[in-house]
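Single-structure report; data block below.
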Amino acid sequence: MDREHETAPKNAIELGPQCPNCGEPWLRPTNLPGRYRCVYCLHRFELTSVCPNCGEHSTIVRMSSTAILKCNNCGDSMLQAV
Ligand SMILES: [Zn+2]
Ligand SMILES: [Zn+2]
């Protein structure tokens, strides 16, 4: 019976960062550092080191959490469409 959840997709499966374009949590890192691609709408984004909203510098941490995509200062998205 435990085999059921091997095939049934759950809501909690590896949802990535939200796409700024379509809002779906399907951003995936590409083979380029700091670059992400939305597998839902296929837009590409670059993680900036300076917040486009307030100009605050951000330390880019590795993919430890999704919080790295947001500015520490104002909470705006650090992703820029490429
Ligand atoms: Zn998208
Ligand atoms: Zn900011």
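Every number for a ligand or one of its atoms is a count from 1 in the order of the listing.
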### Task
Take the Zn ion (ligand 2) as the vertex and measure to SG of Cys71 and SG of Cys51; round to 10°.
110°
### Task
Any chance you could lay out the side chain to side chain contact (heavy atoms under 4.5 Å, CB included) test for Gln18 and Leu27, step after step, and finish with the verdict?
CA-CA 6 Å; Gln18 270 195 353; Leu27 277 188; over 6 Å; no
### Query
Under a 4.5 Å cut-off applied to non-hydrogen side-chain atoms, are Cys51 and Cys74 in contact?
yes
### Message
Given the Zn ion (ligand 1) as the apex, I'd like the angle to SG of Cys22 and SG of Cys41, rounded to 10 degrees.
### Response
120°
#### Entry: Angular separation of Cys54 SG and Cys74 SG about the Zn ion (ligand 2), given to 10°
120°
### Task
Have a look at Tyr36 and tell me which of Cys19, Pro29, Pro20 forms a side chain to side chain contact (heavy atoms under 4.5 Å, CB included) with it.
Pro29
### Query
Hey, is the Zn ion (ligand 1) within less than 2.8 Å of some N/O/S atom on Cys38?
yes
### Query
Counting only N and O atoms by type, is there a donor-acceptor contact under 3.5 Å from the side chain of Thr48 to the main-chain atoms of Leu79?
no
